[in-house]
There are 2 protein chains.
Amino acid sequence: MNCNCCSVHSSDQICMHKVPIFSSLSPEEMSHISSIIKHKNYQKGELLFSEGDSPRSLIIINEGSVKAFKVTPEGREQILHIFSEGDFFGEQNLFGSQKSPYTAEALAPTGICSFAKEDFYQILHAHPGIAIKIIETLGERIARMEDTMQSIGVRNLDSRISGLLLDFADKYGKVVPEGILIQLPVSREGMANYLGIARETISRKLGQLEAEGLIHSVNNKNILLKNREAMNTLAGKDC
Amino acid sequence: MNCNCCSVHSSDQICMHKVPIFSSLSPEEMSHISSIIKHKNYQKGELLFSEGDSPRSLIIINEGSVKAFKVTPEGREQILHIFSEGDFFGEQNLFGSQKSPYTAEALAPTGICSFAKEDFYQILHAHPGIAIKIIETLGERIARMEDTMQSIGVRNLDSRISGLLLDFADKYGKVVPEGILIQLPVSREGMANYLGIARETISRKLGQLEAEGLIHSVNNKNILLKNREAMNTLAGKDC
DNA sequence: CGCGAGCTTGAACATTATCAAGGCAAGTGG
DNA sequence: CCACTTGCCTTGATAATGTTCAAGCTCGCG
């Protein structure tokens with residue numbers, strides 16, 4: 001399992017280089033750390049861990065995507081995050097011996113790298129630079145969640161949906177001549193569960209947006225964003 | 001300004017000891033760090049910084065409380081956090097040279113301690129233990145925000161209001177013979193802005209809860225929680 | 001005592017959820 | 001290759017819920 005050279009083709013190296021938190025390390029440090037990484041693959045629908053588990057490892061996504069969700073008392077899924085290539089999560093699993101606050105499920109065939117809790121503590125003590133990178137990244141995540149919380153305060157549902165589409169456009173969009181083609185990581189139901197609304201409402205609202213000429217629903221997995229400017233205005237992001 | 005001994009009466013020391021992130025330090029380390037802390041006091045309604053500013057310092061609350069909010073495109077205030085004694089915030093100001101994502105306003109006469117960005121980087125490199133504590137604390141905050149996001153997915157408003165009251169009970173409650181007396185840090189309007197709903201709706205819902213015998217609204221600043229168990233059930237926290 | 005901020009209450013209105021039925025598309029098996 | 005099945009999405013009608021606007025109230029304070 002241990003790679004005895006620094007081959008750039010090692011899948012360990014792939015993980016390391018995709019994640020900014022390791023960018024401050026020297027090549028020797030990287031190769032030491034990559035020797036303690038574990039790998040695993042998941043199929044679509046498979047659970048990485050469940051709410052309440054104590055998996056005690058930090059997970060970095062190498063390929064694919066993962067949704068993190070809680071189940072509400074009424075039995076609905078509330079999606080909290082959608083992680084994809086290069087994202088890491090599970091830091092709550094490492095520290096404070098807390099239980100995982102959410103369930104993590106693969107949205108597509110997904111490959112991950114993970115560190116055990118003990119190893120990670122060692123690394124942090126030896127390389128304060130990594131800790132700072134992690135703090136920065138967590139700070140960014142908090143800022144993004146604060147954005148989400150604000151958008152929830154926006155009563156206008158249209159704004160929230162536009163905001164979600166814009167987020168997806170940044171993360172999963174490809175620029176094409178007609179606009180931005182968004183490859184949706186989740187179904188309509190997933191979007192509804194992300195926004196905390198009913199499936200049917202998403203359908204209706206997307207229908208409206210299409211009627212207004214802002215988007216074109218290519219199929220259930222792809223949406224073409226035709227007018228980003230108008231979308232920004234709707235989302236209230238240009239004030 | 002610099003305290004040349006380790007007097008426990010120094011207000012620097014007060015800050016240090018109220019915040020768990022410094023708990024791993026030796027007395028000498030503490031006194032060094034406390035020598036670079038700055039202090040400031042704010043009156044109710046005063047702004048610590050505004051959304052978009054780059055204050056570049058980490059703030060620890062010594063006394064009082066602070067609300068962090070964004071203004072929605074419609075002009076409503078969306079409260080993101082309510083910080084009180086012992087909490088720290090502004091980590092986004094330190095790292096990544098980002099702009100502050102929210103405005104911070106004192107809810108009461110408030111005293112703070114702060115670190116400048118440069119000093120804090122030094123401290124982190126010299127004391128990895130602090131970095132780990134900060135990562136833990138940020139992880140907890142993320143977990144709390146995830147709870148909040150879930151509760152937003154709960155369509156039942158009663159649940160969300162009950163959840164808020166329970167949170168307040170933990171943080172601002174005093175046990176009295178009749179139950180738990182909550183000293184509200186914010187007005188009804190503040191609660192509404194926290195939950196992203198209308199003032200009037202909070203009034204009506206609190207009225208219902210009072211009619212049901214779960215709470216007693218002593219006055220606008222205090223609420224008596226008479227039946228915590230029933231409240232937990234309503235909030236859906238006992239599943 | 002009178003004023004004002006913040007809270008409560010009422011009624012009409014707007015929006016979204018829910019329930020129900022139908023459609024579309026991909027995959028399966030004969 | 002076609003009919004069938006299954007999963008997901010759309011659309012319609014109705015009910016529930018919260019918002020908004022307007023008016024009146026209450027408590028603390030000068």
Side-chain angles (χ1 to χ4, degrees), chain A residues 43-45 67 72-79 105 107-108 151-162 164-165 182-212 215-224 234, chain B residues 44-45 67 72-79 107-108 151-162 164-165 182-212 215-224 234:
Chain A
Q43 299 184 336
K44 175 176 174 172
K67 71 174 172 185
T72 69
E74 300 110 318
R76 233 176 37 79
E77 241 179 47
Q78 176 63 44
I79 297 181
E105 178 186 325
L107 287 172
S151 79
I152 282 158
V154 176
R155 299 225 190 63
N156 188 346
L157 234 194
D158 293 346
S159 301
R160 291 172 55 194
I161 292 177
S162 307
L164 181 64
L165 288 177
I182 304 171
Q183 300 176 296
L184 297 173
V186 293
S187 64
R188 302 290 144 110
E189 177 154 25
M191 288 199 265
N193 287 341
Y194 200 72
L195 294 172
I197 60 176
R199 275 193 308 289
E200 296 93 326
T201 306
I202 275 275
S203 275
R204 284 186 247 267
K205 293 295 184 184
L206 289 180
Q208 278 178 27
L209 288 175
E210 182 146 17
E212 292 165 13
I215 64 171
H216 174 62
S217 181
V218 180
N219 59 44
N220 292 336
K221 285 288 171 192
N222 297 78
I223 286 182
L224 176 67
L234 248 182
Chain B
K44 175 175 175 171
K67 73 175 171 184
T72 70
E74 300 111 317
R76 236 177 34 79
E77 242 178 47
Q78 175 64 43
I79 296 181
L107 288 170
S151 78
I152 283 159
V154 176
R155 301 228 190 61
N156 189 347
L157 235 194
D158 293 346
S159 302
R160 291 171 55 193
I161 292 175
S162 308
L164 182 64
L165 288 176
I182 305 171
Q183 301 176 295
L184 297 173
V186 291
S187 64
R188 301 290 144 113
E189 177 154 23
M191 289 200 265
N193 286 342
Y194 200 71
L195 295 172
I197 59 176
R199 276 193 308 288
E200 295 94 328
T201 306
I202 275 276
S203 277
R204 284 185 248 268
K205 294 292 183 183
L206 289 179
Q208 278 178 28
L209 288 175
E210 182 147 18
E212 290 165 14
I215 63 171
H216 174 60
S217 180
V218 179
N219 59 44
N220 291 338
K221 285 286 171 193
N222 298 77
I223 286 181
L224 177 67
L234 247 183

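Each chain gets a letter, A, B and so on, in the order the sequences are listed, and its residues count up from 1.
- The interatomic distance linking Lys44(A) (NZ) with dG27(C) (P) rounds to 11 Å, in whole Å.
- With rounding to whole Å, Ile215(B) atom CD1 is found 14 Å from dT8(C) atom C1'.
- Put simply, CG on Asn219(A) is 16 Å from C1' on dG23(C), counting in whole angstrom units.
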Spell out protein contact along nucleotides 12-24 of chain D as letters: B when the base is contacted, S when just the sugar-phosphate is, - when no protein heavy atom is under 4.0 Å; keep the 5' to 3' order.
BB----SBBB---
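- Among Lys67(B), Arg76(B), Arg199(B), Arg188(B), the one residue that satisfies the side-chain contact (heavy atoms from CB on, under 4.5 Å) test with Asn193(B) is Arg76(B).
- Thr201(A) places a side-chain heavy atom less than 4.5 Å from the side chain of Leu157(A).
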Can Val218(B) and Ile223(B) be said to form a side chain to side chain contact (heavy atoms under 4.5 Å, CB included), step by step?
CA-CA 5 Å; Val218(B) 179; Ile223(B) 286 181; over 6 Å; no
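- Residues Asn222(A) and Ile182(A) have side chains not in contact (no heavy-atom distance under 4.5 Å, counting atoms from C-beta outward).
- Rounded to an integer number of Å, the gap from CG of Leu206(B) to P of dG6(C) is 17 Å.
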Working for side chain to side chain contact (heavy atoms under 4.5 Å, CB included), residues Leu184(A) and Met191(A):
CA-CA 9 Å; Leu184(A) 297 173; Met191(A) 288 199 265; 3.9 Å; yes
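- Whole-Å rounding puts the Asn193(A) CG to dC9(D) P distance at 11 Å.
- Residues Gly190(B) and Ile79(B) come closest through the heavy atom pair O-CD1, 3.5 Å.
- No salt bridge links Glu105(A) with Lys44(A); every basic N to acidic carboxylate O contact stays at or beyond 4.0 Å.
- Counting only N and O atoms by type, the side chains of Glu189(B) and Ser187(B) include no donor and acceptor under 3.5 Å apart.
- Taking atom CG of residue Asn220(B) and atom P of nucleotide dG28(D), one finds them 8 Å apart after rounding to whole Å.
- The overall bend of the helix from dC1(C)-dG30(D) to dG30(C)-dC1(D), read as the angle between its terminal helix axes built from five base pairs each, is 30° when rounded to 10 degrees.
- Contacts between residues 182-191 of chain A and DNA chain D, counted as heavy-atom distances below 4.0 Å, involve Ser187(A), Arg188(A), Glu189(A).
- Put simply, the side chain of Leu209(B) reaches to within 4.5 Å of the side chain of Leu165(B), judged on heavy atoms.
- Protein atom CZ of Arg199(A) is 14 Å distant from nucleotide atom C1' of dA21(C), rounded to whole Å.
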Check the pair Glu210(A), His216(A) against side chain to side chain contact (heavy atoms under 4.5 Å, CB included), reporting the backbone distance first and the verdict last.
CA-CA 6 Å; Glu210(A) 182 146 17; His216(A) 174 62; 2.8 Å; yes
Start with the C-alpha gap between Leu164(A) and Tyr194(A), add the side-chain angles, then the distance that decides, and say whether side chain to side chain contact (heavy atoms under 4.5 Å, CB included) holds.
CA-CA 9 Å; Leu164(A) 181 64; Tyr194(A) 200 72; 3.3 Å; yes
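- In this structure, Asn222(A) atom CG and dC9(D) atom C1' are separated by 15 Å, rounded to whole Å.
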